[in-house]
Amino acid sequence: MFEADYIVVGAGSGGCAVTYRLAEAGHSVLVVEAGGTDAGPFIQMPGALSYPMNMRRYDWGFQTEPEPHLGGRVLACPRGRVIGGSSSINGMVYVRGHACDYDHWAEQGATGWRYADVLPYFKRMEHWHGGDASAWRGQGGPLHVSRGRRENPLFDAFIAAGAQAGYPVTEDYNGAQQEGFGALEATIWQGQRWSAAQAYLRPALATGRAQLVRGDVARVLFDADHRATGVALCDGREFRARAEVILAASSINTPKILMLSGIGPGRDLAAHGIALRADRAGVGANLQDHLELYLQYAARQPITLYKYWNLLGKAWVGAQWLFARKGPGASNQFEAGGFIRSSAAQSYPDIMYHFLPIAVRYDGQAVAEGHGFQTHVGPMRSQSRGWVRLRSSDPKAPPRICFNYMSHPQDWEDFRACIKLTRKIMGQAAMAPFLRHEIQPGIEVQQDAALDDFIREHVESAYHPCGTARMGRRDDPGAVVDAQGRVIGVEGLRVADSSVFPRITNGNLNAPSIMVGEKIADHILGKHLPAENLTPEMATACPVSASKGLVKKN
């Protein structure tokens with residue numbers, strides 16, 4: 001039986017960060033990962049991003065239950081089954097979230113997770129290639145963050161159109177001002193995906209203090225005092241932890257493992273014949289995600305990526321990347337985007353845009369009209385909540401997943417606003433030389449009922465599930481972990497992935513998931529980075545904090 005100081009379940013975004021920091025501090029760490037190698041162009045080439053999330057070799061293949069408010073549609077819920085986890089199959093867009101997101105976490109009981117508290121961890125983890133280190137940005141960290149070259153004129157046209165529509169332009173949405181249109185950032189370095197495996201896991205393994213074991217975890221092991229002592233795998237192997245077990249298996253698999261280990265809603269566990277260890281109603285609850293629409297446009301000029309959407313073109317892109325790490329394959333092609341408010345009533349942005357210079361689906365199928373482009377647009381703070389539940393007590397059975405997408409009336413208003421505001425932006429003079437007509441939803445779709453039909457049929461997940469083991473006060477019956485990631489009701493067990501989010505953050509979730517791993521590692525080690533001393537000038541980063549007097553002054 002193998003022993004280590006710490007066992008980390010899941011070599012994804014949070015798990016890799018925890019592993020690296022614990023090994024760096026001199027501890028022995030065993031990382032248990034169900035997936036295999038990330039070698040090969042499908043993962044490492046940024047332009048091939050649509051492939052790994054559609055390959056069972058790299059993806060768990062989760063699907064939702066029929067979603068009741070989407071006409072019974074079953075949606076894919078990709079999660080990385082590979083070293084690096086979902087950071088090895090995602091779109092690589094790097095978004096910290098808005099400052100107000102974290103102040104909201106603190107207000108909901110996640111003490112010590114205000115923006116001022118998490119900013120130092122974002123800075124520590126970054127090696128930012130957009131400028132010098134500053135009060136906002138870090139350099140020298142393990143995670144390379146870069147910007148695309150924006151060589152296609154459509155990117156700058158989209159940013160200019162946003163400005164012409166009356167929205168700000170931001171130089172750095174991860175810095176002083178999220179609101180506005182500007183360049184998107186990505187976890188790409190020298191033309192290659194820079195996943196959590198590249199940034200954290202491989203350096204941790206190189207220390208000799210971390211070891212990677214492949215296998216599916218069946219449950220956490222406990223002693224008579226309800227202290228986690230290790231994990232049992234589906235193949236019968238068991239591993240012991242001298243100090244703690246850390247679950248970082250994703251917001252889908254982490255609650256599954258907790259429930260299989262007897263931690264969760266007592267009635268649900270009893271129905272599956274699982275002995276109750278800690279009755280926590282919040283396990284698997286509070287499931288959140290971002291939904292988005294692809295609004296597509298036919299192009300006037302043959303300047304989009306469609307020119308490569310044939311066998312010869314793809315071979316050329318692949319060859320450029322393979323031999324020089326250059327060309328279209330060296331970018332995720334999400335090089336411009338924006339954050340705006342749906343109305344003046346919003347205190348900070350609640351809509352996000354990703355711009356893509358081709359009209360295509362996530363499964364890699366281009367639209368029939370040839371040259372085109374699209375915006376991915378969706379609300380950031382849906383009030384709909386779903387759940388993850390056990391299908392059976394068999395650890396090999398996939399869990400049941402229901403997001404309850406569009407179950408809140410405000411969701412429909414928000415998505416109508418997304419379509420109407422996008423039409424306003426795309427109708428600006430900056431887009432006129434490039435835009436021939438609207439493909440989807442089509443200019444004839446105008447009335448609310450028609451818009452709702454389009455939304456119901458075409459809305460897609462942005463693949464940002466979170467919240468299923470949320471942080472909170474220890475006396476909060478809905479909380480699963482406390483503000484240090486410790487599972488309430490047992491000892492020696494923590495969670496360090498997007499499961500702990502009390503509420504979803506603005507934008508893509510890879511950056512905040514890695515930050516959670518960084519910060520939970522410091523909690524385990526009994527230390528913390530000092531909170532940032534936010535100045536009055538930095539108050540604009542979070543108008544909510546400023547209005548509540550939460551911004552520190554020198």
Side-chain angles (χ1 to χ4, degrees), residues 1 7-10 15 32-34 60-65 77 79 81 215-241 244-287 385-404 465 467-472 474 476-482 485-500:
M1 183 181 297
I7 294 177
V8 177
V9 179
V32 185
E33 168 56 47
W60 283 89
F62 295 137
Q63 291 186 316
T64 70
E65 300 288 298
C77 181
R79 292 291 86 194
R81 185 184 173 96
D216 292 288
V217 170
R219 66 186 186 280
V220 178
L221 301 173
F222 292 88
D223 64 17
D225 296 322
H226 297 292
R227 181 173 187 85
T229 59
V231 295
L233 274 58
C234 291
D235 60 12
R237 288 178 293 169
E238 294 185 356
F239 301 101
R240 296 290 175 179
E244 293 188 10
V245 175
I246 301 105
L247 297 182
S250 84
S251 57
I252 306 301
N253 275 326
T254 287
K256 174 188 170 182
I257 294 171
L258 285 171
M259 288 185 281
L260 289 170
S261 306
I263 303 168
R267 183 177 298 178
D268 291 354
L269 300 189
H272 293 293
I274 298 172
L276 184 65
R277 190 170 301 276
D279 192 354
R280 303 308 304 176
V283 174
N286 193 47
L287 177 62
R385 297 292 183 269
W387 44 260
V388 174
R389 296 173 184 162
L390 293 179
R391 190 172 302 276
S392 76
S393 60
D394 181 358
K396 293 184 178 180
R400 298 176 60 215
I401 305 166
C402 181
F403 286 90
N404 268 325
T468 50
R470 71 169 175 86
M471 283 189 288
R474 296 186 73 88
D476 178 349
V480 178
V481 303
D482 66 12
R486 297 173 296 198
V487 176
I488 301 168
V490 297
E491 301 294 329
L493 180 62
R494 298 193 200 231
V495 176
D497 61 22
S498 64
S499 303
V500 306

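The salt bridge (Lys or Arg N to Asp or Glu O under 4.0 Å) check on D476 picks up R470, with sequence neighbours excluded. Here R400 pairs with E65 under the salt bridge (Lys or Arg N to Asp or Glu O under 4.0 Å) rule; sequence neighbours left out. Considering only residues two or more places apart in sequence or on other chains, S498 meets the side chain to side chain donor-acceptor pair (under 3.5 Å) condition with none of them. Take R389 and apply the side chain to side chain donor-acceptor pair (under 3.5 Å) test, not counting sequence neighbours, and it matches no residue. Every residue meeting the side chain to side chain donor-acceptor pair (under 3.5 Å) condition with R486, not counting sequence neighbours, appears here in chain and number order: D482. Under the ring-ring contact (aromatic ring centres under 6.0 Å, His included) criterion, F222 pairs with no residue, sequence neighbours left out. Residues forming a salt bridge (Lys or Arg N to Asp or Glu O under 4.0 Å) with R237 (at least two apart in sequence, or on another chain): D235. In this view, A249 and V9, N253, T254, I257 satisfy the side chain to side chain contact (heavy atoms under 4.5 Å, CB included) rule, not counting sequence neighbours. With sequence neighbours excluded, the residues forming a side chain to side chain contact (heavy atoms under 4.5 Å, CB included) with V500 are M471, V481, V495, V516, listed by chain and number. For R280, there are no side chain to side chain donor-acceptor pair (under 3.5 Å) partners at least two apart in sequence or on another chain.
Legend: salt bridge (charged side-chain N to carboxylate O under 4.0 Å, His left out) pairs involving residues 215-233, not counting sequence neighbours, sorted by first then second residue: R81-D216. Annotation: salt bridge (charged side-chain N to carboxylate O under 4.0 Å, His left out) contacts involving residues 244-261, sequence neighbours excluded, comprise E244-R494.
A 4.5 Å side-chain heavy-atom check between C77 and W60 finds every atom pair outside the cut-off.
Among V220, L493, L247, the single residue meeting the side-chain contact (heavy atoms from CB on, under 4.5 Å) criterion with S261 is V220.
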